[in-house]
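This report concerns only the one structure given below.
A, B, ... follow the sequence lines: proteins, then strands. Residue 1 opens every chain.
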2 protein chains.
Amino acid sequence: MISMAVIRRLPKYHRYLAELIRNDIDRISSKELSEKIGFTASQIRQDFNCFGDFGQQGYGYNVRELYNEISRILGLNTEYSTVIVGAGNIGQAIANYTRFEKQGFFIKGIFDKNPKLVGLKIRDIEVKDVEELEDFLKNNKIDIGIISVPREQAQKVANIFVKSGIKAIWNFAPIDLEVPDDVIVENVHLSESLLTLTYRLNEANLFAKNKQK
Amino acid sequence: MISMAVIRRLPKYHRYLAELIRNDIDRISSKELSEKIGFTASQIRQDFNCFGDFGQQGYGYNVRELYNEISRILGLNTEYSTVIVGAGNIGQAIANYTRFEKQGFFIKGIFDKNPKLVGLKIRDIEVKDVEELEDFLKNNKIDIGIISVPREQAQKVANIFVKSGIKAIWNFAPIDLEVPDDVIVENVHLSESLLTLTYRLNEANLFAKNKQK
DNA sequence: TAGATTGTTAATCGATTAACAATC
DNA sequence: TAGATTGTTAATCGATTAACAATC
């Protein structure tokens, strides 16, 4: 119903509205917001109107109200329990990232298959053996499964998540997971992000070289 | 010239071609690739044709040849020197991620302002005080600047990068950096990624609730 | 009331898909 | 040569932008 293009803009609105609140601005027009955020005023109004009439003609938008609406739309009025599978660099970074806890994301378990990591404590949470994952998920309601294992093991972990009824996966492994239609996967493919950077860094040369041929 | 939509697909082609090579497949048609990668065959041919005629009628594409072409297009035939500013969770995770080094990305320096982190060794590289950053950049040719400091300090770091002539920034701070037109910024906004996940997890409820009103 | 700015429809633009002639 | 599959043009689809009547 709502296009992915719109959905991906929502968190950015959320972020800019948070900043307006920090700066004690309590009213904003689509035109003003447009100048800050870099979308057209028209697009901003279209986007908001997907979800309701949040503005007021002649006035604009009440910042705090709009912020609350978008928070609700993003599902930030709930708490989420998560598990992290893979306690390597990225897994630990996420586990240590306290900002997520403030936003309502709680880590209920961290798992790894490396015996050197099992038993390690990351912010009060002891890393468990991944063999215990399935049992753990039977006894604990988990909303979001986070995958930060190497590529080769990622699908196996996803399968356990799916089997255990997890409906949302945040995947850091460089692979496209296969899951049923009712399971949502959000990928963070760091390597792909970096390669778009190098592409753009070289783009000019690329076409200059082609001309020479 | 090449649209961002195409550019963002390139690393995915690269990844799938690497897998085909691992599986000893040396020829593939756009139709077969389409079934694996999930883009239409038409789109795949359009994408490749932005950069040249890599295929052959009646045959398809030579996997290794295509892989090499896309590697070159992505700028992977060069080495890149990088610095990481911010030696917290994410900074350390990136520094420890050895896969990048295999792809040709070398970390020449890590900086932080926290005295507790300064002096720490991450894979042979000693974390330096961020005060030394500008001098360091004067004496070392750096291609990519990586920002993994908190939001409040990110723009300041970006300014130093720009001033020092760095043309590519990989930014992990939750902020849109302001840089001149000739500087490329690639953002990894983890929080925004997570919020699109929670949005989709709640989307069904969202519209069910609206109906009740 | 007059000015401002929204909500919303219509027009435009760009990206994806379909079709097919070219050609290996 | 016949079959397969590309490269490329044309058609379609979806997303963005422009315009303006509604209304605070």
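For residues 21-31 of chain A, every residue pair satisfying the salt bridge (charged side-chain N to carboxylate O under 4.0 Å, His left out) rule, not counting sequence neighbours, is listed here: A/K31-A/E35. Listed by first and then second residue, the salt bridge (charged side-chain N to carboxylate O under 4.0 Å, His left out) pairs involving residues 137-153 of chain B are B/D135-B/K138, B/K141-B/D143 (not counting sequence neighbours).
Using modelled atom types, no side-chain atom of A/E192 and backbone atom of B/R8 make a donor-acceptor pair closer than 3.5 Å. Judged by distance alone, with hydrogens and angles left aside, the side-chain atoms of B/S71 form no donor-acceptor pair with the main-chain N or O of B/L76 at under 3.5 Å. B/T82 places no side-chain N or O within 3.5 Å of a backbone atom of B/G145 that could act as its donor or acceptor partner. Between the side chain of A/D112 and the backbone N or O of A/N114 there is at least one donor-acceptor pair closer than 3.5 Å. Between the A/N23 side chain and the A/I25 main chain, no donor and acceptor come within less than 3.5 Å of each other.
Stem list for DNA chain C (at least 3 consecutive Watson-Crick or G-U pairs, distances under 3.5 Å): C:3-24 with D:3-24.
Near DNA chain D, meaning a heavy atom under 4.0 Å from it, residues 52-67 of chain A has A/Q56, A/Q57, A/G58 in order of number. For the contact set between residues 19-31 of chain A and DNA chain D, defined by any heavy atom under 4.0 Å, there are no members. Remark: A/R45, A/Q46 in residues 32-48 of chain A come within less than 4.0 Å of DNA chain C through at least one heavy atom.
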Show me, pair by pair, the donor-acceptor contacts under 3.5 angstrom made by side chains of residues 85-102 of chain A, not counting sequence neighbours?
| unit_1 | atom_1 | unit_2 | atom_2 | d |
| --- | --- | --- | --- | --- |
| A/N89 | ND2 | B/N96 | O | 3.4 |
| A/Q92 | NE2 | A/A87 | O | 3.0 |
| A/N96 | ND2 | A/Q92 | O | 3.0 |
| A/R99 | NH2 | B/S191 | OG | 3.4 |
| A/E101 | OE1 | A/R123 | NH2 | 3.4 |
| A/E101 | OE2 | A/R123 | NH2 | 3.4 |

Could you pull out every donor-acceptor pair under 3.5 Å between side chains of residues 162-177 of chain A and any protein atom, sequence neighbours left out?
| unit_1 | atom_1 | unit_2 | atom_2 | d |
| --- | --- | --- | --- | --- |
| A/K163 | NZ | A/E134 | OE2 | 2.7 |
| A/S164 | OG | A/I160 | O | 2.8 |
| A/K167 | NZ | A/D182 | OD2 | 2.7 |
| A/W170 | NE1 | B/S193 | OG | 2.9 |
| A/N171 | OD1 | A/A173 | N | 3.0 |
| A/N171 | ND2 | A/A173 | O | 3.1 |
| A/N171 | ND2 | A/I175 | O | 3.1 |
| A/N171 | ND2 | A/N187 | OD1 | 2.9 |
| A/D176 | OD1 | B/R15 | NH2 | 3.4 |
| A/D176 | OD2 | B/R15 | NH1 | 3.3 |
| A/D176 | OD2 | B/R15 | NH2 | 3.2 |
| A/D176 | OD2 | B/Y16 | OH | 2.6 |

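Classified by interplanar angle (parallel below 30°, tilted 30° to 60°, perpendicular above 60°), the ring pair B/Y67/B/H14 is parallel.
Taking B/E32 as the reference, B/S29 meet the side-chain hydrogen bond (donor to acceptor under 3.5 Å, both in side chains) condition, with sequence neighbours excluded. Not counting sequence neighbours, the partners of A/Y61 by the ring pair (Phe, Tyr, Trp, His ring centres under 6.0 Å) test are A/F48. When the side-chain hydrogen bond (donor to acceptor under 3.5 Å, both in side chains) test is applied to A/S30, the partners found at least two apart in sequence or on another chain are A/R45.
In 5' to 3' order, the nucleotides of DNA chain C bounding all contacts with chain A (an atom under 4.0 Å from a heavy atom) are C/dA4 to C/dA10.
Rounding to the nearest 0.5 angstrom, the gap separating the CG atom in B/D47 from the NZ atom in B/K12 is 11.5 Å.
At a threshold of 4.0 Å, the pair A/E186-B/R200 counts as salt-bridged, since one of the basic side-chain nitrogens sits closer than that to a carboxylate oxygen.
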